[in-house]
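The structure under discussion appears below in the form of C-alpha cells.
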Protein chains: 8
Amino acid sequence: MSGKVAVIMGSKSDLPGMGGTFDIFKEFAVPCEARIMSAHRTPDEVANFAKTAESKGFKVIICAAGMAAHLAGVVASFTILPVIGIPMPCEPFNGLDSLLSMVQMPTGIPVATVSAGSAGARNSALLAISILALSDENLSQKLKDFRKKQSEKALLSDKELVEEFAKRQK
Amino acid sequence: MSGKVAVIMGSKSDLPGMGGTFDIFKEFAVPCEARIMSAHRTPDEVANFAKTAESKGFKVIICAAGMAAHLAGVVASFTILPVIGIPMPCEPFNGLDSLLSMVQMPTGIPVATVSAGSAGARNSALLAISILALSDENLSQKLKDFRKKQSEKALLSDKELVEEFAKRQK
Amino acid sequence: MSGKVAVIMGSKSDLPGMGGTFDIFKEFAVPCEARIMSAHRTPDEVANFAKTAESKGFKVIICAAGMAAHLAGVVASFTILPVIGIPMPCEPFNGLDSLLSMVQMPTGIPVATVSAGSAGARNSALLAISILALSDENLSQKLKDFRKKQSEKALLSDKELVEEFAKRQK
Amino acid sequence: MSGKVAVIMGSKSDLPGMGGTFDIFKEFAVPCEARIMSAHRTPDEVANFAKTAESKGFKVIICAAGMAAHLAGVVASFTILPVIGIPMPCEPFNGLDSLLSMVQMPTGIPVATVSAGSAGARNSALLAISILALSDENLSQKLKDFRKKQSEKALLSDKELVEEFAKRQK
Amino acid sequence: MSGKVAVIMGSKSDLPGMGGTFDIFKEFAVPCEARIMSAHRTPDEVANFAKTAESKGFKVIICAAGMAAHLAGVVASFTILPVIGIPMPCEPFNGLDSLLSMVQMPTGIPVATVSAGSAGARNSALLAISILALSDENLSQKLKDFRKKQSEKALLSDKELVEEFAKRQK
Amino acid sequence: MSGKVAVIMGSKSDLPGMGGTFDIFKEFAVPCEARIMSAHRTPDEVANFAKTAESKGFKVIICAAGMAAHLAGVVASFTILPVIGIPMPCEPFNGLDSLLSMVQMPTGIPVATVSAGSAGARNSALLAISILALSDENLSQKLKDFRKKQSEKALLSDKELVEEFAKRQK
Amino acid sequence: MSGKVAVIMGSKSDLPGMGGTFDIFKEFAVPCEARIMSAHRTPDEVANFAKTAESKGFKVIICAAGMAAHLAGVVASFTILPVIGIPMPCEPFNGLDSLLSMVQMPTGIPVATVSAGSAGARNSALLAISILALSDENLSQKLKDFRKKQSEKALLSDKELVEEFAKRQK
Amino acid sequence: MSGKVAVIMGSKSDLPGMGGTFDIFKEFAVPCEARIMSAHRTPDEVANFAKTAESKGFKVIICAAGMAAHLAGVVASFTILPVIGIPMPCEPFNGLDSLLSMVQMPTGIPVATVSAGSAGARNSALLAISILALSDENLSQKLKDFRKKQSEKALLSDKELVEEFAKRQK
C-alpha cells in the first residue's frame, strides 16, 4: 500500500501549530498533501474533497481544527477512510471545546482523536503511519526504528541527568 | 412575513426532549416542520435541506443535537437564515460537549445557541417567534401577551406562597 | 424593515474586544448604536432602555458582558426583541462563567448566545444581520455576497498553501 | 436590631430544596418572608421589591435560583442590603452554571454566595443569622448554642462509631 | 455599631491582589486590620485569632486564599462572626480550586463567598460594609452615595461612548 | 490483509458497556479476540500481549478502560500497531478522567481516542474496520454498505416523523 | 514498627462509602481506629486528635470528606504523620469540589490524595499499608501476596472471558 | 530505616519545575536519585526500575509527569513501595489532565497524589520525608523543626504586615 495522507486545517491560523505533522511525514518519506478547508466557510469543498479522497489515493485524512471543531466529523461523514482529529487550542476555552467537538462523535461515524495541540500534531502523523505500516513492511520497520531512536533519546536524557546529579554530589 | 420554521433533530432519540418546542409553536400557531437529519449519517440531506430552506419559505431553522453536536453549524454553513441551536444533554458529559460544539462557532458562521435540554427546547421556539415577530404585528402582540401571562403565572405562584406562609404562621 | 441594532456592553473594558461587531455593521451599512450599560451598576437605565428599544426602532439588541454576565438576560426580560449575547472572557475563569451565565436562561426568556470573545463579536453582528435580512432583500444579497467572499478567501488560503507545498517538494 | 429576612426563590420548583432555610429561621425564631420572584419573568416586581426592601424592615435578602441564576445579582443591584445567593442545581449542568452566575459578580455589587443546593439552603439562613446577631445579643447567644449543639451531635456520632467498632473487635 | 473588619490572607503572595479591599475600607473610613495567617502553616494562630475576634471588636472577617483554600472555612469554624471568602486564583487551576474549596462548605458553617480575584477583593469590602451599615446610619448613607457615584461613572462611560460614536459617523 | 482485532478491557466491569463493539465485528465478520487485562493489576501480561500482538496477526488493538485509564497508552508503548481507546464512564467523574487519561498522550505514542461509553464502543469497531478496509476490498464494500444502510435508517426515521406530523395537522 | 492507622470521616454520611477501607485493614490485620470528626463542626477535637496522634501510636491518618473537604488539610497542619485524603463525592459537584479541596494543598503541608469515592476507600488503606510495610517484613509479604492474588483474579477474569468467547464462536 | 528516594520525571521538560523537590531533600539530607523515564517511550526501563527499586534500597518513589500522566500508575503497578505522583501542568489543559490521570487510580493500586506543579514538587518531598520519618527519629525531629521554621516564617510575614499597616495609619 503506497498511500498518501491528507492534512486538512480548518483555518490558516492552524498552520503554525501543525509543523510537527509535516516533520514526521518528511522524516518517514510518507507523501502528504496539506490543505486549508473550513467545515463552515467552504463546506462544499470539504464534502467534495472527502467524497473523492479514496479514489484519489488518500489512505488517511488528518483534520486539525479549533473551537467548535466540526471539520473531522464532517469529513468522516463523507468517507470511509480513517479520519484522525487534532483538537487545536484557541482562546478562551483552550481546546476543551475542540476536544469535545471532535471526540464525542455519535454512533456510526468515528473520529480517531489525538492529543490537543502540538503533541497531537506529531501524534496524528505517527498514528497515520502506524495505519499505513500495516501493509507496508518498509514503513513498519521505519516506525520500529523511530520508536527505538525515541527510546534511546529518552535513555540518553536519563543518563545525562544521572551523571549531572552524580557530579553535583561530589 | 408569514414564515415557517424548520425544527431539525440529529436523531430520533432527541424527539422526546423537544416537546416544548412544538408546544410553543402550536400555542402561537406558527407553522413548523419537524425533521430528523444527521450531520454525520445523512450529510447530503442536511446540505440539501439547508441550501434550499430559504427558497422553500423557511425563515428560521432550529437544530437540536447531542454529543459532538455539529448539526447546527453544518446547517448554518449552507444558509444565511438564522440558525438556532439547542444542546441536547447525553451521557456521559451531559450536554457540556454539545453546548461547546454548538456555541463556539468560528468567525463568520454564527449559531444562536440557547439553554441545554428542555428549557432550550421551549426557548428556541420563543427566540424564533421573536425573530418572526419583527415583521408580524399579530405575532408580536401574541408574544407580548405570552410574556404577560407568563408574568402573571409567576405572580400567582408568589401570591400562593405568601398566603401559604401566612397560614402556617397563624 | 430598515432596522437598527443596539450594541450594549456591560463595561468600558468590554469595548476593545468588540471591534469586530462594529466592523461588520459598518461593512454592511447597518445602523447600530453602541452603549455602555451595566445590569448591576445602572439597572434602571438597562430596564428603561430595554423597555423602550422596540418603540425607538431597534430590531435586535446585542449584549456583551463578562463574569456573571447578567446583561443579556436582564435586557431580554424587558423586551420581546431578539437579544444576542456575547460571553466576554475575563480572568480567572476565562469566559466559562459568562458563557453559562448567558446561555443557560430559564424557560420563557431566551438569549441567543454566540461564541465567547472576538469570534462572538463578529458573529453577533452577522447573526443580527441574518435576522434583519429576513425582510430586507438588499441586506440578504449583501450577506450572500459576504459569505461568498468569505469562502473565496478560504479557498485562496488553500490555494496558496497547496502552491507553497508544491514548491517545497521540488 | 429586630430584623426580618426575605427569602426569594426564582421559581416554584426551587421551593422543595429550600426547606432547610425555613427550618433554621423557625428554630431561631427569626421572622422571614418567602417569595417567588423571577429576575426574568417578573423583573419589575424584583426591582420594586429590592428597592423597597430596606424601608420595609428587611435586613438581609436570600435569593435561591438555578441555571443562569441572575436573581441574586439583580436584587443586589437595587439595594444596599446584604444579599445571599444559593446556587440551585438543575439538569443538566447541576449547579455549576448557577454557582458561576451568582458568585462571579463584577466589581461594585457583591453577592454572598453559599454552597449549592440543600447545604446552601441551611447555610444561607445561618449566614443571615450571623449578620443579624451582630446587633442582637439574644440571637448571638442562640447561634453559639446552635453551634455547640451541632458540635455535640458530631461528637455523639463519633462516640457511637467508636463504640460500634469496639464491639466489633471483641 | 462601630465595628472593625479583619482581613486575613493565607500567604504574603495574596497581598498584591488585595489592594482593592484596603482601598474600599479607606474610602469608607472603616477600620480594618490586615493579617497573614495560614490555615496550614499557622493553624493555632488562626484558631486563636478566630476564637477571640468577636471579643476584640471585630464584626466581620474577610479571608483571601488560593489553591485548597481552607482559611475561610477554618476561621468560620471557630467564630459566629460573618466570614467572607475571596478565592484567589493561582496556577495552574486558576481559582476553580479555591472557589470550590471556599464556597462548598458543608451544612452548619457558612462562608460568604465573593468573586475570585481582584473583583472579589473590592466586593468583599463592599459586602462587609453592607453588613456593618445595617446598624450604622452614616455608613449606610455612604454606601448609597458610593453606589450612586458608581452609577454615575457608568453613565458617564456610556455618554462618552455615545458621543464618540456620534463623531465617527459625521 | 486478513487481520484480526484485539479488544482489551481493563476490568470485567467494562464488559457490559462493550456489547456494541462485538456486535459490529460480528456484523462485519471481522475476527476479534476479547481480553481482560489491567494496566495496573496485570501489567506484565499487558506488556507481553502488546509486544507479541503483531506477530500473532493482530492488526488493531482496541482498549476500553475507566478512571485513570492507562491501558491504551501502556499497550501503545509496546507496539506499533494502531491502538484505539474507549474512555469508559465511571462514578464520580463520569468519563472526563478516562477521556483525558487516554487522549492526552505525550508526543511519540499516539492513542486513537473515540467517544466515551457506548457510542465509543461501536465507533471503536467501525474505526478498526475502516483501517482494515484499506487493504481489504471486501471489507471496504461492506463498510460502504453499512454506511448506506445507516443513512437509509436515518432517512426512514425522518420520513416517519414527517408523516406523523402531517397526520397530526389534519 | 507495629503501627496503627486512624480513619477519620468528616460526617456520619461518609461511613457507607468507607467499607472498603475497613475491609482491607481487616484482611491485613492492621489495627485501625475509626472516628467521625468534622474540620468545621468539631475543629478543636480535630486539632487535638491530630496533635496527639503520633504520641498515641498512630502511624498514618486517613481522612475522608466531601464538598469543601478541609479535613485532611487541617489534620495535616497539626501533625507530621503522613495524611491520606479520600475525596468523597457529594451532590451536586460529585467530588470535583472535594478532590480539588484535598489535593491542591499549598507548599509545606502535603496531603496524599487517592481516587474519589469507593476506589479511594480501598486504595487509602492499601497506601497506608504500603507505608507501614516499609518497616514490617510480615506486612510487606502480605502486600505482595495481596497483589499476586489481585493479579490472579484479573487473570481468571481474562481466562473466563476467553473461554466464553471461544464457546460463542463454536 | 536509612532509605533513599527515587524521583522520576516523565520527560526532560519536567526538570525545571522539580527544583523544589531536590531542594527539600538536600535541606533534609535525604539521599535521592533523579531519573528521567517515560511510561510510554521507555516502558521496559520503567518496569525494570520499579520491579527492582525495593531491592536497591529505595523506600519511596516520586513520579512527576504531565498530560496523560501514566508514569506514577505504571510504576505503582510494579512495586509495593509507596508511589507519590506530581501532576505537572502542560498546555493546553494545564494539569487537569495529569491530575485526573494520576489520582483516579482504580481499586488495588494507589498513587499518593499531591498538588499540581511547583507546590506539589516541594510537597512530594515533604510527604516522602514524613513516611521515612516514621522509622527515623532524627528525620522526624528535622521535620518538626522544618514545620516550626515554616510557621515562624509565616508569623514573621504577619508581623511585618501588621507593622506596615500600623505605619500607614499614622
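So that the names make sense, note that chain A is the first sequence line, chain B the second, and so on, each numbered from 1.
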Notebook entry, point to check: Would E:E163 and E:K159 satisfy salt bridge (Lys or Arg N to Asp or Glu O under 4.0 Å), going step by step from the backbone distance to the final call?
Noted result: CA-CA 6 Å; E:E163 289 171 0; E:K159 193 161 161 269; 3.6 Å; yes
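- If you measure heavy-atom distances from E:I84 to chain D, you find no contacts under 4.5 Å at all.
- Remark: D:K144 NZ is packed, more than 12 non-hydrogen atoms of other residues, nucleotides or ligands lying under 6.0 Å away.
- Using a 4.5 Å cut-off between heavy atoms, E:S77 contacts chain D through its backbone alone, with no side-chain atom that close.
- Contacts between residues 90-107 of chain E and chain D, defined by a heavy-atom separation under 4.5 Å, are made by E:L99, E:L100, E:V103, E:Q104, E:M105, E:P106, E:T107.
- Note that CG of D:D145 is 11.0 Å distant from CG of D:L139, once rounded to the nearest 0.5 Å.
- The number of heavy-atom neighbours closer than 6.0 Å to NZ of D:K142, taken from other residues, nucleotides and ligands shown, is above 12.
- If you tally non-hydrogen atom pairs under 4.5 Å between each of D:G120, D:G20, D:A112 and chain E, the highest count goes to D:A112.
- With chain E as partner, the option from D:R147, D:R122, D:Q150 having the largest number of non-hydrogen pairs under 4.5 angstrom is D:R147.
- A 4.5 Å side-chain heavy-atom check between D:L126 and D:L143 finds at least one atom pair inside the cut-off.
- In this structure the side chain of E:I86 never reaches within 4.5 angstrom of the side chain of E:D14, judged on heavy atoms.
- Closest approach of E:L71 to E:G10, counting heavy atoms only: CD2-N, 3.7 Å.
- Only the backbone of D:V111 has a heavy atom closer than 4.5 Å to any heavy atom of chain E.
- Heavy-atom contacts from other residues, nucleotides or ligands closer than 6.0 Å to CD of D:E137 number 12 or fewer.
- Ranked by heavy-atom pairs under 4.5 Å with chain E, the first of D:P82, D:A119, D:A76 is D:P82.
- Looking at E:I61 and E:C63, their side chains come closer than 4.5 Å, going by heavy atoms from C-beta outward.
- Neither the backbone nor the side chain of D:S124 comes within less than 4.5 Å of any heavy atom of chain E.
- Here CG of D:D136 is found 10.5 Å from CD1 of D:I129. Values are rounded to the nearest 0.5 Å.
- Here CG of E:L127 is found 12.0 Å from CD1 of E:I24. Values are rounded to the nearest 0.5 Å.
- Heavy atoms closer than 4.5 Å to chain D are found in both the backbone and the side chain of E:S140.
- For D:I80, the parts lying under 4.5 angstrom from a heavy atom of chain E are both the backbone and the side chain.
- Here CD1 of E:I8 is found 8.0 Å from CZ of E:F58. Values are rounded to the nearest 0.5 Å.
- Between D:M88 and D:M9 the shortest side-chain heavy-atom distance does not fall below 4.5 Å.
- Using a 4.5 Å heavy-atom threshold, the side chains of E:K59 and E:I131 count as separate.
- Between chain D and the residues E:V83, E:T79, E:I109, E:L81, the largest count of heavy-atom pairs under 4.5 Å involves E:I109.
- For residues 35-56 of chain E, the interface with chain D (any heavy-atom pair closer than 4.5 Å) comprises E:E54, sorted by residue number.
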